[in-house]
Structure formats: structure tokens, C-alpha cells
Amino acid sequence: MSKAIPSRSEDYSHWYNELVKKAGLAENSSTRGCMVIKPYGFAIWEKMQQLLDQMFKETGHENAYFPLLIPKSFLSREADHVEGFAKECAVVTHYRLRTDEKGAGVVVDPEARLEEELIVRPTSETVIWDTYKSWIQSYRDLPLLINQWGNVMRWEMRTRLFLRTSEFLWQEGHTAHATKEEAQNETRQMLDVYAKFVEHYMAVPVVKGVKTASERFAGAVDTFCIEAMMQDGKALQAGTSHFLGQNFAKAFDVKFVTKEGKEEFVWGTSWGVSTRLMGALIMAHSDDDGLVLPPKLAPIQVVIVPIYFKGEGLEKVMEVVKPILKSLKEEGISVKFDTRDTHKPGWKFAEYELKGVPVRLAIGPKDLKKGTVEVARRDTKEKYFQPIDSIVEHVAGLLEDIQDNIYSKAAAFKEEHTKGATSWEQFKELVEQGFVYAHWDGTPETEDKIKEETKATIRCIPLNQTKEEGRCIFSGKPSQGRVLFAKAY
RNA sequence: CGGGGUAUGGCGCAGUCCGGUUAGCGUACCUGCUUUGGGAGCAGGGGGUCGUAGGUUCGAAUCCUACUACCCCGACCA
């Protein structure tokens with residue numbers, strides 16, 4: 001039982017940290033606040049990337065790459081933007097090291113100071129809009145639909161694997177449009193892409209909404225987001241899509257000539273999801289035995305564990321397994337046949353449960369006699385025997401079942417932990433347990449006070465908000481509809 | 001960045017208060033035999049500059065100083 005992890009009820013955050021490490025997803029590195037993403041964790045991220053990339057391309061976007069380092073002066077071009085990010089920027093000041101004369105190893109060469117310091121990008125709006133200035137002259141150059149896969153750095157005070165690390169991997173889309181409407185549509189389209197990805201592939205239900213002014217992206221006119229619920233009832237912002245208006249176009253002087261010959265500023269959007277999605281995936285589904293991965297994102301969808309005795313045992317199992325392997329692969333199912341004789345079956349069972357492999361097949365002497373396979377599903381922990389000649393179709397169907405079941409389970413959990421509050425007392429109690437819909441008077445002052453007293457923030461003003469007369473849960477002032485409150489990661 | 005805690009074979013810990021043989025335990029690892037349908041058993045074996053750098057002392061894992069990293073609570077954070 002060396003790899004057992006703490007239980008969720010005992011200590012949720014300890015459970016999360018241990019799970020990430022024990023399942024081989026990531027670990028802390030020797031570099032402060034930065035993680036090492038291990039092969040199994042990276043394999044999941046690669047699947048996410050691949051699916052998202054495909055969705056971006058289907059909606060007309062192209063990939064490009066912009067520099068990691070940004071001239072310091074760029075950051076101050078957009079006033080709100082610099083205020084939002086200045087406090088967490090890593091700065092490059094020198095370009096050379098030299099051996100210390102006193103023998104203290106290498107030291108920064110004081111003579112190699114940069115004339116203008118460079119910022120390690122916390123996000124790339126500035127350097128990209130600076131580039132767009134030279135790419136855009138006419139309405140014929142628009143829309144410009146670019147995505148970048150890369151890494152960014154934000155000097156966070158407190159880091160947690162995947163959820164908040166100083167360096168993280170992400171994609172950032174940056175688009176430029178001729179009209180406001182088109183840019184707004186793009187913003188909403190990408191929000192929908194994110195929502196679809198998270199719900200359909202990650203099997204995590206989300207709430208789509210728009211951020212309040214105080215939670216808005218630094219430099220945006222509007223910030224849209226998807227919010228997911230974790231198993232401790234807290235919210236995790238899973239993706240954002242920003243309508244930038246003409247803010248960056250004005251800051252970087254990006255103008256175009258319209259069909260009518262008029263010169264105008266372009267309209268912009270930016271949108272991103274990060275390795276934080278890994279955190280959402282882990283916390284939304286996993287249990288005290290380890291990861292639970294949705295089949296659509298599992299690097300290994302099916303594992304086959306042979307059970308045999310020394311000698312010819314494995315040979316016999318192999319004969320039966322080989323055609324199954326072939327058929328499963330033909331169905332596009334990723335399957336691993338674990339023939340290692342260095343670990344016992346029981347050990348392997350526990351190991352693949354820890355790693356969240358959706359379906360496990362075990363084949364041993366009993367099965368050879370009866371013509372069956374033992375099927376074990378990770379999500380429900382059910383085990384049963386299935387005739388061997390129908391196993392391939394069965395597994396294909398089972399993977400879909402599991403994907404659906406994981407989603408349903410998460411959706412049911414979210415429903416159970418989503419309540420409406422009508423009094424302040426009730427609000428304070430409910431917000432400890434999950435999402436709360438409540439009236440808000442629309443002022444940042446009230447928002448702040450609620451945060452101060454309860455630690456809960458307005459996650460978003462939901463897009464499907466229905467008009468409803470009411471009174472603010474805190475101030476009692478009139479309100480037109482309910483907003484979503486929760487404690488957040 | 002403020003408060004609290006931790007740092008000892010790969011991992012988890014004891015030893016530190018009150019300095020003194022060869023730094024110990026569980027697990028993991030290696031070898032052999034027996035095992036193999038839920039994290040195997042027995043026997044033997046290897047692995048440590050006790051986070052880093054200084055200091056006190058005849059002698060430091062243990063006392064003192066500084067630093068670093070990680071964890072928890074805050075603050076901060078899209």
C-alpha cells in the first residue's frame with residue numbers, strides 16, 4: 001500500500017497534491033514555483049492540446065509564435081494592462097554571466113546590463129499587438145485569427161501544481177476584426193468552443209458567464225468565462241475569452257482602411273486556457289483510489305492484465321489477447337497489454353486505478369476455460385465477466401458509457417451543490433457548500449464586502465440569467481437578476 | 001509579502017528538547033527460492049557529506065546565525 005493517497009474527506013488539498021504526484025502527473029521542480037510535468041501528465045495535456053487545436057482550426061484560426069521576452073516599455077502602453085500584471089513580472093536585466101574572481105561560482109556580469117529590460121511574458125497581448133500594427137493596413141487584412149501555444153510566467157506568491165504555477169503552458173488566441181460586432185461574436189464563439197471542449201471531452205459541466213468589472217482581464221472591455229465546480233464545492237475558472245474593444249489597437253496604433261477609405265482602429269479579442277485545465281480534470285472526477293479519467297482524454301483507455309503461472313501460462317493468454325489488441329486498435333482505442341512479470345496482478349490493478357485508466361481487462365486461466373474476460377470499469381469500480389467473442393464491441397460501448405457517466409455524475413454533483421439564496425444568513429451558509437445564485441446590487445463595493453465577509457466572489461453573471469426583480473443579498477438594494485457566487489481556486 | 005510549520009537513503013517517518021560509539025524504522029531497490037484472480041512470503045544485500053552556507057565545541061542531525069525550498073492560514077492572483 002505504499003502508493004495510497006489521503007482521502008478527500010480527510011484533507012482535500014493534501015489529497016489533490018498527493019494524487020498529482022503519485023499518479024505521475026507532475027511534481028515540484030528545483031526552480032521556485034515551477035513544476036515538472038511528467039510523461040503521463042504531459043500525455044493528457046497533449047491530448048487536450050490536440051483536440052483544442054483542431055477546434056481552433058475548424059473555426060478558422062492559424063497558429064503562430066511570438067517571443068518569450070517583451071520589451072519593458074510595451075507593458076505600460078495600455079494603462080489597465082500594466083496595472084494588472086506589473087506586480088507579477090519576472091524581469092531580465094542582464095545578458096551575461098562570468099566566473100566569480102572570489103571563487104563563488106558564476107555571477108551576473110555587471111557590465112552586461114541591458115539597455116532596456118525585458119519582461120518574461122505574463123501574456124502576449126502587447127508584443128502581438130505591436131506586431132499586428134505592421135500586419136494590418138486594410139480591411140482586406142481582416143479578420144486576423146491567430147493562436148499561439150506557449151508558456152508564460154507570472155510570479156505568484158503561492159503556487160500549487162497545475163492550479164497556479166509561476167510558469168504554465170497555455171494557448172492564447174489573439175484576433176483582430178473590422179467591426180465591434182464581429183469581435184464580440186468571436187469572443188462568444190471561443191467561449192462556446194471552450195465550454196464544448198470542457199463538457200464534451202473533459203466531462204466537466206460549466207457555467208458560462210461574464211465577469212464583473214473587478215474580475216475583468218486587465219485591458220479588456222468584457223471578460224467571459226466558464227466556471228467549473230470541483231468536488232469540494234469550490235469554483236475553478238476553466239477558461240476566459242476577452243472582448244478587448246479597441247483598447248490594444250489604440251495603445252499600439254493598429255489602424256486599417258475601410259472599404260469606404262476611412263481610417264479606423266481595429267477591434268480585438270483574446271482567449272486562453274492553460275494547464276490549469278489539468279487541475280480541473282483531476283479535481284472534478286477523481287476519488288480516494290486515484291485518478292478517474294474520461295475516456296476521451298485518457299492516454300491509455302484500456303489496459304489488459306494477464307494472469308498466469310510460470311511456464312506456458314503467459315503464452316496461452318497471449319494467444320487470446322493478441323486478436324483483441326488488434327481489433328481494439330482498429331477501433332481507434334488506445335490499449336496497453338501489461339506483460340511485465342516484475343509486478344503481480346494485484347499490484348497492477350491498484351496502479352492502473354491510481355492512474356485512472358477507464359477500463360481494465362484481466363484474462364487468466366479461469367477465463368481461458370470459460371471463454372470470458374474480466375472487465376473492470378474505473379468510474380464505478382464494477383467488475384464482471386464478459387464473453388470473449390463480444391469483448392471488442394463491448395469495450396467500445398463501455399468507453400462511451402463511462403464518458404457519459406462521468407459527466408452525469410459531475411453534473412449531478414454540481415446541481416446538488418448549486419442553490420439559490422434569499423437571505424444573508426442563508427447565503428453565508430450555502431456559499432460554504434457550493435455555488436449560490438443570489439441578487440447583487442451591481443456595485444463593486446458590495447462585491448468587495450461580500451468577499452471580505454465570506455471569501456466568496458462573484459464568479460460570473462451567467463449568460464442564461466433570467467430577468468427577475470429582487471433585492472441584493474447584502475445591501476437590500478434593487479436588482480434585476482441573480483449572479484453566481486462561490487469560493488474559488 | 002505577514003503568521004505558523006517542515007527539511008534526515010527514492011518515498012514516508014523516528015532521533016533534535018538535554019551535543020558523545022557504527023544515525024535507526026517502514027516501504028521501495030538488488031540477488032535467490034517459493035509465488036501470481038486485489039498492492040506476495042522468506043533469506044541475504046546495497047544505498048546517507050542529516051536542505052545550503054557559516055559559527056560555537058575536543059566532538060554537531062542535535063546548539064547559534066543567515067539563506068533556500070516546500071506545506072498550512074492570510075494577503076495577492078484572470
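Within every chain, numbering begins at 1; the chains are lettered A, B, ... in the order of the sequence lines, protein sequences first and strands thereafter. All of these numbers come straight from a predicted model, not from anything done at the bench.
Taking the six-membered ring where the residue is Trp, the centroids of A:Trp271 and A:His61 are separated by under 6.0 Å. With ring centers used as reference points, A:Phe248 lies 6.0 Å or more from A:His242.
Straight-line distance from the CG atom of A:Asp11 to the P atom of B:G12: 15 Å, rounded to whole Å. Per the geometry, CD belonging to A:Glu10 stands 19 Å off P belonging to B:C71, to the nearest Å. Look at CH2 on A:Trp347: it is 13 Å from C1' on B:U27, rounded to the nearest Å. Regarding A:Glu18, its CD atom lies at a distance of 14 Å from the C1' atom of B:C13, rounded to whole Å. Nucleotide B:U36 holds its C1' atom 16 Å from the NZ atom of A:Lys316, rounded to whole Å. The distance between atom CG of A:Asp341 and atom P of B:C33, rounded to the nearest whole Å, is 13 Å. Atom NE2 of A:His14 is separated from atom P of B:C73 by 12 Å (rounded to the nearest Å). For A:Arg158 and B:G3, the CZ to P distance is 15 Å, given to the nearest whole Å.
Contact annotation: side chain of A:Lys383 to base of B:G38, donor-acceptor pair present below 3.5 Å.
To the nearest whole angstrom, the two C1' atoms, one in B:C25 and one in B:C64, are 30 Å apart. Taking atom P on both nucleotides, B:G48 is separated from B:G5 by 32 Å, rounded to a whole Å. On the P atoms, B:A61 is 14 Å away from B:A53, given to the nearest whole Å. Atom C1' of B:C77 sits at a distance of 41 Å from the matching atom of B:G15, rounded to the whole Å. Taking atom P on both nucleotides, B:G26 is separated from B:U22 by 22 Å, rounded to a whole Å. Taking the P atoms as reference points, B:U31 lies 16 Å from B:G47, given to the whole Å. Nucleotides B:U62 and B:U56 are separated by 15 Å at their P atoms, to the nearest Å. When the P atom is compared between B:G12 and B:U6, the two are found 16 Å apart, to the nearest whole Å.
Considering only residues two or more places apart in sequence or on other chains, A:Phe224 meets the ring pair (Phe, Tyr, Trp, His ring centres under 6.0 Å) condition with none of them. Taking A:Pro122 as the reference, A:Phe85, A:Cys89, A:Ile119, A:Arg154 meet the side chain to side chain contact (heavy atoms under 4.5 Å, CB included) condition, with sequence neighbours excluded.
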- Carefully, step by step, assess A:Lys366 and A:Glu374 under the rule salt bridge (charged side-chain N to carboxylate O under 4.0 Å, His left out). CA-CA 10 Å; A:Lys366 286 183 212 166; A:Glu374 187 194 58; over 6 Å; no
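Side-chain contact, A:Ser241 with A:Thr187: no donor N or O sits under 3.5 Å from an acceptor N or O. In summary, the side chains of A:Glu447 and A:Ser214 do present a donor paired with an acceptor at a separation below 3.5 Å, with no hydrogens or angles considered.
Comparing B:C72, B:G37, B:G39 against the side chain of A:Arg160 picks out B:C72 as the nearest. Taking only side-chain atoms of A:Met157, from C-beta outward, the nucleotide of B:G39, B:A40, B:A75 with the closest atom is B:A75. The nucleotide whose nearest atom lies closest to any side-chain atom of A:Ala350 is, among B:C72, B:G37, B:G39, B:G39. Listed candidates were B:C72, B:U36, B:C77. Nearest to the side chain of A:Glu156 is B:C77. Side-chain proximity of A:Arg32 to the nucleotides B:C76, B:A69, B:C77 is greatest for B:A69.
At B:C72, one or more side-chain N or O atoms of A:Ser13 fall inside 4.0 Å of OP1 or OP2 (strictly under the cut-off). For B:C77, the OP1/OP2 oxygens have a side-chain nitrogen or oxygen of A:Lys87 closer than 4.0 Å. Contact annotation: A:Lys455 side-chain N/O to B:A75 OP1/OP2 distance is under 4.0 Å. A sub-4.0 Å separation between OP1 or OP2 of B:C72 and a side-chain N or O of A:Asn17 is present.
Cation-pi geometry between A:Lys449 and A:Phe474 is not satisfied (NZ or CZ under 6.0 Å from the ring centre, within 45° of the ring normal).
Contacts of A:Glu374 with the nucleic acid, taken as non-hydrogen atoms under 4.0 Å apart, include base atoms. Across all strands, A:Phe85 comes closer than 4.0 Å to base atoms (heavy-atom distances). At a threshold of 4.0 angstrom between heavy atoms, the contacts of A:Gly33 are confined to the sugar-phosphate backbone, with no base atom among them. Heavy atoms of A:Pro306 sit nowhere under 4.0 angstrom from any nucleic acid atom. Here A:Trp271 lies out of heavy-atom contact (under 4.0 Å) with every strand.
Counting heavy-atom neighbours within 6.0 Å of A:Lys180 NZ, excluding the residue itself, gives a total of 12 or less. Heavy atoms from other residues, nucleotides or ligands lying under 6.0 Å from CZ of A:Arg188 number 12 at most. Within 6.0 Å of the NZ atom in A:Lys234, the count of heavy atoms belonging to other residues, nucleotides or ligands exceeds 12.
For RNA chain B, the residues of residues 360-369 of chain A within the heavy-atom distance limit of 4.0 Å (strictly under) are A:Arg360, A:Ala362, A:Gly364, A:Pro365, A:Lys366, A:Asp367, sorted by number. Residues from residues 194-202 of chain A placing a heavy atom under 4.0 Å of any atom in RNA chain B do not occur.
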Distance-only donor-acceptor hits, side chain of residues 272-290 of chain A, under 3.5 Å, sequence neighbours excluded:
unit_1: A:Ser274; atom_1: OG; unit_2: A:Arg276; atom_2: N; d: 3.0
unit_1: A:Thr275; atom_1: OG1; unit_2: A:Leu169; atom_2: N; d: 3.4
unit_1: A:Thr275; atom_1: OG1; unit_2: A:Leu169; atom_2: O; d: 3.3
unit_1: A:Arg276; atom_1: NE; unit_2: A:Leu163; atom_2: O; d: 3.0
unit_1: A:Arg276; atom_1: NH1; unit_2: A:Gln237; atom_2: O; d: 3.4
unit_1: A:Arg276; atom_1: NH2; unit_2: A:Tyr489; atom_2: O; d: 3.1
unit_1: A:His285; atom_1: NE2; unit_2: A:Met202; atom_2: O; d: 2.8
unit_1: A:His285; atom_1: NE2; unit_2: A:Ala203; atom_2: O; d: 3.4
unit_1: A:Ser286; atom_1: OG; unit_2: A:Ile282; atom_2: O; d: 2.9
unit_1: A:Ser286; atom_1: OG; unit_2: A:Val292; atom_2: N; d: 3.2
unit_1: A:Asp287; atom_1: OD1; unit_2: A:Asp289; atom_2: N; d: 2.8
unit_1: A:Asp287; atom_1: OD1; unit_2: A:Gly290; atom_2: N; d: 3.2
unit_1: A:Asp287; atom_1: OD1; unit_2: A:Arg378; atom_2: NH2; d: 2.7
unit_1: A:Asp287; atom_1: OD2; unit_2: A:Arg378; atom_2: NH1; d: 2.9
unit_1: A:Asp288; atom_1: OD1; unit_2: A:Arg8; atom_2: N; d: 2.9
unit_1: A:Asp288; atom_1: OD1; unit_2: A:Arg8; atom_2: NE; d: 2.8
unit_1: A:Asp289; atom_1: OD2; unit_2: A:Lys381; atom_2: NZ; d: 2.4

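Closest approach of A:Ile146 to A:Thr175, counting heavy atoms only: N-CG2, 4.3 Å.
Classification of A:Lys455 and A:Glu432 as a salt-bridged pair fails, no side-chain N sitting under 4.0 Å from a carboxylate O.
At distances below 3.5 Å, at least one donor-acceptor pair connects side-chain atoms of A:Gln148 with backbone N or O atoms of A:Phe66.
Toward the 5' end of RNA chain B, the nearer of the two residues A:Pro122 and A:Ser29, judged by each one's closest nucleotide, is A:Ser29.
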- Query: Which dot-bracket string describes RNA chain B (Watson-Crick N1-N3 plus N6-O4 or O6-N4, or G-U N1-O2 and O6-N3, all under 3.5 Å; [ ] crossing; | other strand)?
  - Reply: ((((((((.[[[[.)....(...]]]].((((((.....)))))).....[[[[[..)....]]]]])))))))....
